[in-house]
Amino acid sequence: MPFDRYHIIESTLREGEQFSTATFTTAQKLEIAGLLDAFGVEMIEMTSPCASPQSEADIRAVVGAGLRARILTHIRCHKDDARRALDTGVHGLDIVIGTSAPLMQHSHGKSIREIIDLAAEVIAFVREQAPDIILRFSTEDTFRSRESDLLRVYLAVADLGLVDRLGVADTVGVALPQQVYAMVSQLVRLTGLDVEFHGHNDSGCAIANACAALDAGATHVDTTVLGIGERNGITPLGGLIARLYTLDRSYVAKYNLTLLPRIDRLVADLCRIDIPFSNYITGPSAFIHKAGIHAKAVLADPATYEILQPADFGLTREVAIGHRLTGWNAIRERSRALGLSLDDATLKAITQDVKRRADVHPLNLDEIDGLLRAAAS
Ligand code: HCA
Ligand code: CU
């Protein structure tokens, strides 16, 4: 099964730094990296040392922390960038170059022939300097590149026999799952190399695309915490976990899932944003059940309306009862939790009272408890 042997490349410290409100200090990067390592991600990608002096120092600091995760940095396809990256002692280099018409014209101005020659030169240089380093080559904007161009570039790079992994990047979030599946399976079949998928979320397919990539035989998926990144970001770590867990819980058993809420909270705080209500697993309403029909069923068996078990993530479910959609089963459950013994007729009458009052304003738990206690006394 393809989902048995995938690795997460956690890019909060690279792609995530490209998010509008993200600027992490060295100490914050160490804290994020430490938590991601404890969670169990296999690789952590960091901003290029060429970005700024602090970026370079931060790679050294995180490499020096001695984490289990391998530390990668992300560089342009330049010998100078590669030299500076190698100098940091990083465990792996992720090299990228644009192959779509807009990027070839406005980003580097090179032809496909020139891209192939440059890639060969830089890759050979890296291997000469660091025979054991983990080396990946990726095309930027893969899904707006001509397929014949892509295959020329990827096959030429694969033929060098010097890289460990090829990367495909949906840089603008335009790809559909079936396109990702087709591209990844083709690369796996033609090169036999490990394949990494990096997908932006501009049109809402980042998780589905990552899943399609794995299904097609990709070995590595890029994520960031909460999905932060350029524009509206990439495949979120928690969203990928939710997607794989719901296919089969064993696919995410290798990760320390109870750390996810802490990781999401930390990054949200550092970026001065809230965790979105719609966030996977850790969104504030992810495990709140409201309508009477839902509450009744969930109280009888959570699996009726829960595909993820909150306890697996160190979280608890909540049955909301102070609103006009509440049902008497949920009110009875609250009465039991308070140790009261009210008969069904009384509980039903209280439920009607809650509904009437909630038409004016939602009730908090204290108000409901007050009604229940008053009826019991
Ligand atoms: C970017 C680059 C990148 C690189 C992805 C990769 C993208 O545009 O900032 O190297 O796999 O989305 O193409 O993040
Ligand atoms: Cu990106």
Side-chain angles (χ1 to χ4, degrees), residues 6-20 22 42-52 55 70-78 81-82 85 90 92-108 115 118-119 122-123 126 134-145 149-150 153-154 157 163-175 179-180 183-184 187 193-207 209-210 213-214 218-237 239-240:
Y6 72 95
H7 290 203
I8 291 179
I9 300 180
E10 229 301 326
S11 188
T12 299
L13 299 185
R14 196 282 293 176
E15 176 75 50
E17 264 215 306
Q18 297 175 223
F19 182 59
S20 56
E42 291 83 357
M43 295 179 176
I44 292 174
E45 186 180 65
M46 299 189 65
T47 298
S48 168
C50 308
S52 72
S55 303
R70 300 293 76 195
I71 310 303
L72 317 175
T73 189
H74 187 258
I75 56 164
R76 294 169 300 184
C77 193
H78 282 185
D81 286 23
V90 81
L93 297 191
D94 289 344
I95 298 176
V96 70
I97 188 161
T99 46
S100 66
L103 293 185
M104 283 162 71
Q105 191 187 342
H106 298 295
S107 169
H108 52 67
I115 289 173
L118 180 64
V122 176
I123 289 166
V126 172
I134 309 165
L135 187 53
R136 181 215 74 177
F137 172 86
S138 187
T139 66
E140 189 184 4
D141 208 3
T142 311
F143 294 90
R144 289 192 305 169
S145 305
D149 287 346
L150 287 173
V153 173
Y154 283 128
V157 167
V163 301
D164 301 292
R165 206 164 73 244
L166 296 174
V168 299
D170 183 16
T171 305
V172 294
V174 68
Q179 290 172 281
V180 174
M183 174 54 63
V184 171
L187 282 186
L193 287 173
D194 282 359
V195 174
E196 166 183 347
F197 175 75
H198 175 99
H200 279 259
N201 203 32
D202 300 69
S203 59
C205 287
I207 298 172
N209 285 343
L214 290 176
T219 48
H220 296 71
V221 171
D222 292 14
T223 67
T224 60
V225 176
L226 298 173
I228 61 169
E230 200 71 52
R231 305 182 307 283
N232 78 334
I234 68 163
T235 309
L237 174 65
L240 180 72

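Whatever order the structure lists them in is the order used to number ligands and atoms, beginning at 1.
At a heavy-atom cutoff of 4.0 Å, ligand 1 is contacted by the side chain of Arg14 but not by its backbone.
Under a 3.5 Å cut-off, the side chain of Ser48 and the backbone N or O of Ile75 do not form any donor-acceptor pair. A donor-acceptor pair under 3.5 Å links the side-chain atoms of Asn201 to the main chain of Ala206, judged by distance alone.
Under the side chain to side chain contact (heavy atoms under 4.5 Å, CB included) test applied with Met43, the options Asp94, Ile8, Ile71, Ile134 reduce to a single match, Ile134. With Thr47 as reference, Glu17 is the one residue of Glu17, Arg14, His74 to meet the side-chain hydrogen bond (donor to acceptor under 3.5 Å, both in side chains) rule. Checked against His198 for a side-chain hydrogen bond (donor to acceptor under 3.5 Å, both in side chains), the options Thr223, Asp222, Thr171, Asp170 give a single hit: Asp222.
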(Q) Checking Glu15 against His200 for the side-chain contact (heavy atoms from CB on, under 4.5 Å) test, could you report, in this order, the C-alpha distance in whole Å, the side-chain angles of both residues, the deciding distance, and whether it holds? (A) CA-CA 10 Å; Glu15 176 75 50; His200 279 259; 3.0 Å; yes
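To the nearest 10 degrees, the angle centred on the Cu ion (ligand 2) between NE2 in His200 and NE2 in His198 reads 100°.
Within the listing of ligand 1, atoms 10 (O) sit less than 4.0 angstrom from a heavy atom of Val96.
In this structure, CG in Leu166 is found 9.5 Å from OG1 in Thr219, a value given to the nearest 0.5 Å.
Considering backbone and side-chain N/O of His198, one or more are found under 3.5 Å from N/O of ligand 1.
Nearest protein heavy-atom neighbour of atom 13 (O) of ligand 1: Thr171 OG1, 2.6 Å. Annotation: atom 4 (C) of ligand 1 to nearest protein heavy atom, His74 NE2, 3.5 Å.
Counting heavy atoms only, Gln18 comes closest to atom 9 (O) of ligand 1 of the residues Gln18, Glu230, His200, Glu15. When the options Glu45, Glu140, Arg136 are ranked by their closest heavy atom to atom 1 (C) of ligand 1, first place goes to Glu140.
For Glu15, the nearest N, O or S atom to the Cu ion (ligand 2) falls under 2.8 Å.
At a 4.0 Å cut-off, not a single heavy atom of Gly167 sits close enough to ligand 1 to count as contact.
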